[in-house]
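For reference, the structure discussed in these notes is given below.
Residue numbers start from 1 in every chain, and the chains themselves are labelled A, B, ... in the order their sequence lines are given, proteins ahead of strands.
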Amino acid sequence: MSDLKPARVRFAPSPTGRFHIGGARTALYDFLLARQTGGQFILRIEDTDRKRYVPGAEGEIMESLRWLGLDWDEGPDIGGPYRPYRQSERTEFYQQHAENLVARGHGYYCFCTPERLSQLRKQQQKLKQPPRYDGHCRRLDPEEARGRVADGESFVIRFKTPREGSTTAVDLLRGPITVENSTLDDYILLKSDGLPVYHLAAMVDDHMMKISHVFRGSEWLPTFPLHVLIYEALDWEQPIWVHLSIFLNPSGKGKMSKRDAGVNEIYVLDLKQMGYLPEGLLNWIALMGWSYDDRTEFFTLDELIEKFSLQKLHPSPAAVDYKKLDHFNGNHIRSLAPDELADRLRPYLKMEGLEVNEGILQQITPLVQERIRTLDEAADIAGFFFHKTVEPDPSELIGKNMTREESIVATRRSYEVIESLPTIEVEPLEAALRVLAEEMNLTAGQLFGILRIAITGQRISTPLIESMEVIGKQEVLNRITRAVDLLESQAER
RNA sequence: GCCCCCAUCGUCUAGUGGCCCAGGACGCGGCCCUCUCAAGGCUGAAACCGGGGUUCGAACCCCCGUGGGGGCACCA
């Protein structure tokens, strides 16, 4: 644990779509800081937009986080001292603070209709002016406005952004960012449906929940000064702000988006489905925007908790590199204990419709471990272990630079050699087959190539001799017999 | 159009004024190992966006360009 004060950090996604790797990284950094400092990691759902609400999205967020191992200490499902953790259940707080802002002279009621606003925008566009609220209701007499509200007229509450001067907001990675207040708008804080907009809701909650560090995407940088202004207007102490750069397409052109889904998987649960380990995914994501030193790249979650530091965060955008994900995933697969790997492999093999025999699974796991990068590759390389029979392509049973007849002879003699062995443990089996190859003036590659096709039905597989041992003498002999038949029937044709 | 951010190999990055004719990783090429595929080992090509300053000295500091990205909703 570090010497930093316990941090209270929150991950605050909106349930408007699927959970992707960008969100996962933000959540990871939140989690790391909380765990490293002995603080709390909080999950808060920002569901104030009823139009964009997607049923099931909240569930996917939680399922993804749990799968990744990023467990939260407070959240909508488990509660906590600052409940509720779903913004739709906190409307009274937002309304209260919006009114408070009005009372303090930092906000005002606005009765402009959406129609007038879009009209206004159109005009400004035509005149090539920046699209901004014209302050129509800002000038209204507060008493009069209150009266109209009391009369039941539809209204929103806007922030009364100072017309003059400038505001400086401090981002941990970028330092002070100063903007002219005149470039800011009188943003709507409370919508006419009584629900808040992000600008209000997030500030209120972060303050009420005593959040110490805010990690969020850099898309919030343009309105960052507004958020600071709100804090100042309410006399609140600001958290430490950390804006994380966004993820770019693999091409580096444009930000990663839904459109990439399908081509490049960006959703956490899809990546899980594809056979990625949470460990691999986490390792990959952690290094996009953060680094430890000039050589260490392999990290477990515990190591990340130990080594993470705000100082090593990087502000520039990062293009997503799936090749590197494969690399990390392969590394993590290889670092798993065989028993553990077997447990992880099981569902993926079953997903392929294979009947998984536990004894065989245990035996082949070490064989598979060195050669897969994702869990779903196991079925490709070792599926034949679970098949009752294999169907080799007869033409592939012919050895390299060999005739059909030579291949038949080689296969038959292999049968005899194997049959004569008391057991087919790796050592004696390999020795016997190598002797046979030599006798027949074949290279080991030629002989093993034929047998590989005969036994596994495929060109690429786990190591031949070891695989034969697992399959067992009788079945090996069956498969070789089958291969001889195939070769002969093909010869007759 | 306006505002904001960013800028080291193709990609992720190390580098915080001299340790850098720039280090690591992925990917790519070659070699070795080898029963296939991997894994592993060795090895090669590959970058400080440009121009001005500041300084004895700049990848590192400042300015201006340029490029890239983001934002400009009663979305988050």
(Q) When the C1' atoms of C28(B) and C12(B) are compared, how many Å lie between them, rounded to an integer? (A) 16 Å
Q: Please determine, for C48(B), whether a Watson-Crick or G-U wobble partner exists with both distances under 3.5 Å, and give it or none.
A: none
Q | Opposite nucleotide pairing with C37(B), Watson-Crick or G-U, both atom distances under 3.5 Å | A | none
Q) Taking the six-membered ring of Tyr267(A), is the NZ or CZ of Arg18(A) close enough (under 6.0 Å from the centre) and on axis enough (within 45°)? A) yes
(Q) Using only modelled atom types and a 3.5 angstrom limit, is any donor from either the side chain of Ser192(A) or the base of C74(B) paired with an acceptor on the other? (A) yes
**Q.** Sidechain N-carboxylate O distance under 4.0 Å for Asp193(A), Arg50(A)
**A.** yes
**Q.** P spacing across the pair U16(B) / G23(B), given as an integer number of angstrom
**A.** 15 Å
Q) Pick from Trp241(A), Phe159(A), Phe224(A): which one makes a ring pair (Phe, Tyr, Trp, His ring centres under 6.0 Å) with Tyr231(A)? A) Trp241(A)
Q: Rounded to whole angstrom, note down the P distance from C74(B) over to U11(B).
A: 38 Å
(Q) Classify Ile177(A) by what it touches in the nucleic acid, base, sugar-phosphate, or nothing, heavy-atom distance under 4.0 Å. (A) sugar-phosphate
Q.
Is there, by distance only and without an angle test, a donor paired with an acceptor across the side chain of Glu46(A) and the base of C75(B) below 3.5 Å?
A. no
Q: Give one of base, sugar-phosphate or nothing for Gly254(A), where a contact means two heavy atoms less than 4.0 Å apart.
A: sugar-phosphate
Q) Is U11(B) paired to anything, Watson-Crick or G-U wobble with both distances less than 3.5 Å, and if yes, which nucleotide? A) A25(B)
Q. Hey, is the side chain of Arg371(A) pairing donor to acceptor with the base of C37(B) inside 3.5 Å?
A. yes
**Q.** Nucleotide opposite C72(B) in a Watson-Crick or G-U pair, distances under 3.5 Å
**A.** G1(B)
Q.
Looking at Lys324(A), I'd like to know whether one of its side-chain N or O atoms comes within less than 4.0 Å of OP1 or OP2 on U13(B).
A. no
Q: Give none if U54(B) has no partner; otherwise give the nucleotide forming a Watson-Crick or G-U wobble pair with it, both distances under 3.5 Å.
A: none
Q) What heavy-atom pair brings Gly280(A) and His332(A) nearest, and what distance separates the two atoms? A) CA-ND1, 3.7 Å
Q: Please determine, for C19(B), whether a Watson-Crick or G-U wobble partner exists with both distances under 3.5 Å, and give it or none.
A: none
Q) Taking the nucleotide of RNA chain B with the closest heavy atom to each, which residue, Ile381(A) or Glu219(A), is nearer the 5' end? A) Ile381(A)
Q. Can you tell me how far C1' in G53(B) sits from the matching atom in G10(B), rounded to whole Å?
A. 33 Å
Q.
Under 6.0 Å from the ring centre and within 45 degrees of the ring axis: does the NZ or CZ of Arg148(A) meet both conditions for the six-membered ring of Phe111(A)?
A. yes
(Q) Using atom P in both nucleotides, what's the gap between U8(B) and C48(B) to the nearest angstrom? (A) 11 Å
Q: Starting from the 5' end of RNA chain B, give me the residue, Thr48(A) or Ile372(A), whose nearest nucleotide shows up first.
A: Ile372(A)
